[in-house]
Amino acid sequence: MKIYNTLGHQLEDLVPLKDQSLRIYSCGPTVYDYIHIGNLSSYIMVDSLKRVIALNDFKLNHVMNFTDVDDKTIARSQQQYPGNDSLEALKELTQHYRQIFLSDMQVIGNDASSTTYVSAIANIPDIQKLITQLYHDKFAYIADDGIYFSISKYQESGKKYGQLTKIDAKNTAQQRIQNDEYDKDNVHDFALWKLQKGDEPAWQFDLDEHQLLGRPGWHIECSAMSTTNLGLPFDIHTGGVDLIFPHHENEIAQSTAGNESSLYAKYFMHNEHLLVEGRKMSKSLNNFYTLRDIIEKGYEPIAFRLMVLQTHYRKQINFSWDNLEAAQNRLNDFRLIADIKWQLINDKAPELNFADYKTAILKALSDDLNTPEALTIVSKVSSDIIENLVSPNQRSEFHQFLSFLDAGLGLSLSNRPDITNDQKQLITERQTARGLKNWDQADQIRQQLTDQAIELRDTSFGAIWSHVEPAQG
RNA sequence: GGCACGUUGGCCGAGGAGUUAGGCAAAAGUCUGCAAAACUUUUUACACGAGUGCGAGUCUCGUACGUGCCUCCA
């Protein structure tokens with residue numbers, strides 16, 4: 001299995017650091033609002049990664065964090081719960097959006113159950129421990145408004161700041177230097193701990209003789225939670241491309257300062273952003289969507305998943321309603337095929353080589369998650385099946401194939417139910433009516449089934465049914 | 001200004017030197033009790049300019065454009 005490693009900017013074989021087990025850390029959502037479809041695409045990538053890893057017989061341990069202590073969650077919690085204790089308000093707000101996030105994961109087809117979720121609020125002692133260590137090792141210093149990480153000290157220790165990107169003072173935006181009013185040694189130095197301002201939620205932090213009531217910075221949260229849960233170094237770190245700098249760069253620095261090795265995570269995987277009609281999603285452009293908008297327009301979350309999988313994760317996806325419509329249609333076609341597993345009525349159907357298809361799909365997925373290629377193969381199989389159905393001899397192979405597709409792509413094709421005996425009876429009655437050329441009765445029965453969300457099409461092998469999805473808006 | 005990734009037919013998108021995916025949409029036709037499906041057709045597209053090659057969407061260089069990052073962001 002190969003993946004593209006941002007560390008080194010090349011495709012690499014995926015080889016676990018130890019045993020056959022992969023430890024993965026994903027930067028999760030900031031839980032202050034509904035997540036948007038761009039966030040979702042990012043988590044679909046992580047989910048695909050986990051699926052492919054499992055299909056390649058690796059074990060895995062996946063940790064994802066909720067960013068629950070940051071400017072946005074604090075601001076929103078105070079706005080939403082004015083007058084409450086600020087920490088209670090923060091917990092209330094973030095808990096609320098955590099639940100919504102988990103439910104979004106589920107409807108989008110992401111397997112959230114195999115993930116360990118962590119959050120800053122619950123891990124303040126670990127975060128403080130790491131800061132204390134950095135401070136004692138002289139990689140951190142106390143300034144007017146908090147504790148900062150010293151990049152120059154890190155560099156003096158012989159380590160490179162900028163393992164993922166080329167960083168130097170020249171490529172710092174002019175604006176940043178002008179706006180930099182903080183008491184920092186170096187413009188790139190970043191906060192590990194921020195002293196309390198106003199009535200922000202704050203935690204007591206006794207660092208040697210200093211009493212530093214405050215809260216952690218964003219970067220240190222991830223550094224502390226990843227390594228306490230997965231150890232150091234761990235295997236794979238994931239996130240959107242926007243996190244490469246400074247977030248992941250800073251995590252590397254914090255986690256490796258003072259260590260012999262500068263290895264934090266062996267592989268970094270970053271997904272490209274989702275664009276809307278070719279432009280960045282933003283509230284001011286009025287092109288900012290959440291899963292709720294998709295559902296309201298009558299599309300299924302799983303169709304959005306298919307749309308995301310149709311594009312390679314390292315390419316920008318262009319979201320548009322037309323594309324989503326196309327994906328929804330393609331999904332409906334796949335489902336048509338899936339429903340055929342209950343009606344293998346053509347015993348002359350040519351043998352399909354499911355083993356070869358599986359091999360080809362797994363190969364595509366194992367090549368840096370080439371989901372578009374895998375879907376192409378699925379479409380090929382579909383067109384074979386639509387033509388001649390599947391021979392009853394291949395019943396179990398076909399069922400296994402559908403399960404395999406679900407394991408790899410998560411499109412829920414294998415768990416579609418059979419129709420009821422009454423419905424089967426109706427189909428038989430209709431066939432009898434058709435035999436007698438009693439078209440009125442035949443059409444009436446078809447209408448009856450249509451009302452029960454079952455669609456019929458007459459083929460040379462007989463009537464084939466399929467479950468119809470909810471009407472589109 | 002620095003760094004990075006892109007630019008493929010009506011739309012979306014793989015492919016990464018020779019054979020030329022796939023999906024979606026539209027139109028016409030074949031088939032059909034109706035409906036649907038399927039099939040056929042709608043003259044093979046790769047930003048532009050150079051270069052290397054017997055041969056270039058595919059490699060090199062340049063140009064243009066797009067998108068992102070450069071203190072928050074998936």
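Just so you know, these numbers use all the heavy atoms, side chains as well, and skip hydrogens, waters and symmetry mates. Proteins come first, then strands; the chains are lettered A, B, ... in the order of their sequence lines, and each starts at number 1.
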Pro372(A) has its side chain closest, among G68(B), A14(B), G22(B), to A14(B)
Applying the 3.5 Å cut-off to both distances, the Watson-Crick or G-U partner of A25(B) turns out to be none
Using Watson-Crick geometry (N1-N3 plus N6-O4 or O6-N4) or G-U wobble (N1-O2, O6-N3), each under 3.5 Å, G55(B) is paired with none
Could you go through Tyr264(A) and Phe234(A), starting from their C-alpha distance and side-chain angles, then the distance that decides it, and tell me whether this counts as ring-ring contact (aromatic ring centres under 6.0 Å, His included)? CA-CA 7 Å; Tyr264(A) 170 52; Phe234(A) 56 91; 5.1 Å; yes
For A4(B), the nucleotide meeting Watson-Crick or G-U wobble distances (both under 3.5 Å) is U67(B)
Of the listed G33(B), C72(B), G23(B), the closest approach to the Pro246(A) side chain comes from C72(B)
When Gly38(A) and Asp458(A) are each assigned the nearest nucleotide of RNA chain B, the 5'-most assignment goes to Asp458(A)
Exactly one of Asp70(A), Asp68(A), Asp71(A) clears salt bridge (charged side-chain N to carboxylate O under 4.0 Å, His left out) with Arg215(A), and that residue is Asp71(A)
Any strand, both distances under 3.5 Å, Watson-Crick or G-U wobble: U20(B) pairs with none
With syn meaning chi within 90° of zero and anything else anti, the base of G33(B) is anti
Closest to the side chain of Arg457(A), out of G68(B), C72(B), A37(B), is A37(B)
Given the 90°-from-0 boundary between syn and anti, G62(B) should be labelled anti
Exercise. Would you indicate what Gly239(A) reaches in the nucleic acid, counting non-hydrogen atoms under 4.0 angstrom: base, sugar-phosphate, or nothing?
Key: sugar-phosphate
(Q) Using a heavy-atom cut-off of 4.0 Å across all strands, would you classify Leu243(A) as base, sugar-phosphate, or nothing? (A) sugar-phosphate
Using a heavy-atom cut-off of 4.0 Å across all strands, would you classify His36(A) as base, sugar-phosphate, or nothing? base
Quiz question: going by heavy-atom distance under 3.5 Å, is there a donor-acceptor pair between the base of C5(B) and the side chain of Arg314(A)? no
With sugar-phosphate meaning primed atoms plus P, OP1 and OP2, does Asn323(A) contact a base, only sugar-phosphate, or nothing at under 4.0 Å between heavy atoms? sugar-phosphate
With the side chain defined as heavy atoms from C-beta on, Arg446(A) is closest, among A14(B), G33(B), A35(B), to A35(B)
Within the structure shown, what part of the strands sits under 4.0 Å from Asn370(A) by heavy-atom distance: base, sugar-phosphate, or nothing?
sugar-phosphate
OP1 or OP2 of C12(B) sitting under 4.0 Å from any side-chain N/O of Lys315(A)? no
* Tell me whether the guanidinium CZ or amine NZ of Arg98(A) lies under 6.0 angstrom from the six-membered ring centre of Tyr117(A) and within 45° of its axis. => no
| said: What contact category does Ile377(A) fall into here, base, sugar-phosphate, or nothing, at under 4.0 angstrom with non-hydrogen atoms? | reply: nothing
*asked:* Assess whether a salt bridge exists between Arg51(A) and Asp47(A), defined as any Lys/Arg side-chain N lying under 4.0 Å from an Asp/Glu carboxylate O.
replied: yes
Check: Counting any heavy atom closer than 4.0 Å, what does Tyr43(A) reach on the DNA or RNA strands: base, sugar-phosphate only, or nothing?
Finding: sugar-phosphate
Practice prompt. For Leu456(A), answer base if it contacts any base atom (sugar-phosphate contacts may also be present), sugar-phosphate if it contacts only those atoms, and nothing otherwise; contact means non-hydrogen atoms under 4.0 Å.
Written response: base
For Asp443(A), report the nucleic acid contact type (base, sugar-phosphate, nothing); a contact means any heavy atom under 4.0 Å. base
Tell me whether the guanidinium CZ or amine NZ of Lys341(A) lies under 6.0 angstrom from the six-membered ring centre of Phe398(A) and within 45° of its axis. no
The Watson-Crick or G-U wobble partner of C61(B), with both key distances under 3.5 Å, is G49(B)
Check: When you check the gap from the basic side-chain N to the acidic O, do Arg430(A) and Asp443(A) get nearer than 4.0 Å?
Finding: no
- Message: By the 4.0 Å heavy-atom rule, please label Ser379(A) as base, sugar-phosphate, or nothing.
- Response: sugar-phosphate
Practice prompt. Classify the nucleic acid contact of Thr30(A) as base, sugar-phosphate or nothing, counting any heavy atom under 4.0 Å across all strands shown.
Written response: sugar-phosphate
**Prompt:** With rounding to whole Å, what would you report as the distance between A47(B) and A56(B) at their C1' atoms?
**Reply:** 15 Å
Out of C24(B), A74(B), C70(B), minimum distance to the side chain of Phe245(A) belongs to C70(B)
- Classify the nucleic acid contact of Glu373(A) as base, sugar-phosphate or nothing, counting any heavy atom under 4.0 Å across all strands shown. sugar-phosphate
By nearest-heavy-atom nucleotide on RNA chain B, the more 5' of Thr376(A) and Thr311(A) is Thr311(A)
The Watson-Crick or G-U wobble partner of A35(B), with both key distances under 3.5 Å, is none
Report task. Please work out which of the three classes, parallel, tilted or perpendicular, describes the rings of Tyr161(A) and His188(A), given edges at 30° and 60°. Result -> tilted
- Just call it for Lys72(A): base, sugar-phosphate, or nothing, with non-hydrogen atoms closer than 4.0 Å on any strand. sugar-phosphate
